[in-house]
Amino acid sequence: MAEVNFQNRTLYHGDNLDVLRGMNSGTVHLIATDPPFNKGRDFHATPDSLAAGARFQDRWSWEDDVEGEWVDQITDDWPKVMNVINGSRQSYGDDMGAFLCFMGVRLLEMHRVLRDDGSIYLHCDPTASHYLKELMDAIFGRKNFVNEIVWHYRRWTGKAKRFQRLHDLILFYAKSESYTFNPIYTKYTKGSKERKEQGVLHRFKKGEEPYLVSDSEVNDKGVRENDVWQIPFVAPSAKERLGYPTQKPLALYERIVRASSNPGDIVLDPFCGCATTPIAAERLERQWVGIDLWDKAHAIVRQRMEDNRQLLTDIPVIHYESTPPQRTDDGQEAVPFLQVTERHAEPGGPKMSPRGNVRFFCSGNMARSVRAATASSTTRATSNSTTTRRAPTAGLNHISNRILLCGPCNRAKSNTYTLSGLRRLNAKNGWMAS
């Protein structure tokens, strides 16, 4: 087993990407998390609740929310993931592309920190579920998709011009074929149990579909759960309710923890929110780690432990950290099987985003060398220019391997042409400088 470089019952305050990047590879048995959904709205906790002050913005912009380092990393090392992001930008819009880029760099790290027998449950809703599934197929592999779980709940009657929306989705992926799975059972209905006891295998009623019973044996555990989970949502008047805008029921996450981990295993929630996953893990005698940006998350975890005192042997010590862990393993990068580029030791000097490259190249002391390296007469060292690598799929991800192109040349080059190929194309089109 890989060395664990973080403590049990630790809540990290900060960007989960930084914390995930600091965790050793192959240390987590289960990830159960409820990230943003790209719903295009802001969420606020109720003012008089325990979670008062909690808020997050679920709106996304490619210009404002995507780091150039993320784009470079994914483009250079995981092109299949970038294909999903670009496809979503084209079919849906920049906001979905930005959301998937944000999630993509984090899911790559989540894959890395999972053990080979580990699993991930990603909570979402129909706003982005099909886009997230394609992203997870690219990272975890289609063959490791296990279930799309429908969490069905009931609430007040809606009057919108559509069927009432009463479900969320949970995408269940495994790291490998050796993943942990414990079947979940529910009690028989009275009628189902009676039919089994009578040995009735099937019944038909005129004008109705037949209902079937698999066999006549009554299992003391009940019937195995299917992929539609009937669990009530947290009602406004429920004792469990904290006022957190997207709080999920404890019963839902206890079912996930039971199904895909064993006592003593490590459970991680990178979007910890109001601590439903840590509470579920604690109650089921698992170890846990949570991450959240909200500065009151620590108080919520402590309060919920107090509220569940009767279900716990004692109130544990919770470690609160604002500094990410430091890796002590071999430093393996995320999802190495997706990488297609050869890694090189990069020379010293600035490592910049594409936008930063442009600013650097456009400085006075670089203008002459920029013009000498350009591919066409239309290129100028202006803020409207864009940077690209000298070759589309090889070479250093470093400023020493960058060239500055005008927008038309950069689009023409795309991921198809090397710089030499672009020169030939521009010459053919009559665009080359004399």
Side-chain angles (χ1 to χ4, degrees), residues 12-22 31 33-45 53-112 120 122-136 138-139 171 244-246 269-273 291-295 297 322 324 334-335 351-360 383-384 386-388 397 407 410:
Y12 286 97
H13 174 231
D15 187 336
N16 58 15
L17 181 58
D18 295 334
V19 178
L20 287 166
R21 285 175 170 173
I31 297 174
T33 194
D34 180 23
F37 296 167
N38 189 31
K39 294 187 74 67
R41 52 181 287 205
D42 298 336
F43 293 88
H44 302 266
R55 64 178 300 275
F56 68 89
Q57 178 179 300
D58 198 7
R59 304 172 188 269
W60 302 87
S61 162
W62 190 268
E63 292 298 322
D64 298 333
D65 300 314
V66 174
E67 299 288 342
E69 178 255 340
W70 302 347
V71 178
D72 282 354
Q73 180 189 28
I74 296 173
T75 301
D76 292 346
D77 294 333
W78 306 291
K80 291 183 179 179
V81 177
M82 200 67 209
N83 287 343
V84 173
I85 294 170
N86 286 333
S88 298
R89 288 185 73 187
Q90 294 170 11
S91 64
Y92 187 104
D94 277 359
D95 59 331
M96 186 61 74
F99 170 67
L100 293 184
C101 193
F102 169 88
M103 289 299 300
V105 290
R106 288 159 174 79
L107 285 168
L108 285 162
E109 296 298 332
M110 292 183 214
H111 183 282
R112 179 184 61 78
I120 180 172
L122 188 73
H123 197 130
C124 50
D125 74 0
T127 306
S129 59
H130 39 305
Y131 295 97
L132 283 168
K133 185 180 185 304
E134 190 174 9
L135 184 66
M136 294 187 74
I139 294 172
L171 301 176
Y244 196 81
T246 58
D269 187 349
F271 297 91
C272 190
I291 313 168
D292 204 83
L293 275 171
W294 183 32
D295 56 6
S322 57
V335 200
K351 296 177 176 61
M352 303 178 185
S353 67
R355 189 178 301 174
N357 290 159
V358 170
R359 288 195 296 267
F360 182 79
S383 60
N384 292 325
T386 55
T387 59
T388 187
N397 179 18
N410 198 46

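Just so you know, residue 1 is the first one in the sequence shown, and it goes up from there. Predicted model only: the values in this text are computed from it and were never measured.
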* To do: Calculate, to the nearest 0.5 Å, the distance between atoms CD and CG belonging to Glu69 and Leu17 respectively.
  => 7.0 Å
* Structure fact -> Output for pair (Leu293 CG, Phe271 CZ), nearest 0.5 Å, gives 9.0 Å
* To do: State, yes or no, whether a side-chain contact exists between Ile120 and Leu107 at a heavy-atom distance under 4.5 Å.
  => yes
* **Contact check, side chains of Phe99 and Asp65, non-hydrogen atoms, under 4.5 Å** => no
* Do Phe102 and Glu67 have side-chain heavy atoms sitting under 4.5 Å apart? -> no
* Asked: Would you say His123's side chain and Thr33's backbone share a donor-acceptor pair under 3.5 angstrom?
  -> no
* If you round to the nearest 0.5 Å, how far is CD1 of Ile74 from CE of Met82? -> 6.0 Å
* Is there side-chain contact between Val19 and Pro270, with at least one heavy-atom pair below 4.5 Å? -> no
* Do you know which two heavy atoms are closest between Val84 and Ala138, and how far apart they sit? -> CG2-CB, 4.0 Å
* Structure fact -> Minimal heavy-atom distance between Cys272 and Asp292, with the atoms involved, is N-OD1, 3.4 Å
* From OG (Ser129) to CE (Met136), nearest 0.5 Å -> 12.0 Å
* **Nearest-0.5 Å distance that lies between atom CG in Leu135 and atom CG in Leu100** => 5.5 Å
* Structure fact -> On a heavy-atom basis, the closest approach of His111 and Ile139 is CD2-O, 3.8 Å
* Structure fact -> Between Cys124 and Leu132, the two heavy atoms sitting closest are CB-CD1, 3.8 Å
* **Side-chain donor/acceptor of Arg112 to backbone N/O of Leu108, under 3.5 Å** => no
* Met110 and Leu122: CA distance, side-chain angles, deciding distance, side chain to side chain contact (heavy atoms under 4.5 Å, CB included) verdict -> CA-CA 11 Å; Met110 292 183 214; Leu122 188 73; 5.6 Å; no
* To do: Could you label the plane-to-plane angle of the Tyr92 and Tyr131 rings as parallel, tilted or perpendicular, counting under 30° as parallel and over 60° as perpendicular?
  => perpendicular
* Structure fact -> Heavy atoms of Pro324 and Ser322 approach each other most closely as CD-O, 4.1 Å
* Asked: Roughly how far apart are Lys80 NZ and Ile85 CD1, rounded to 0.5 Å?
  -> 15.0 Å
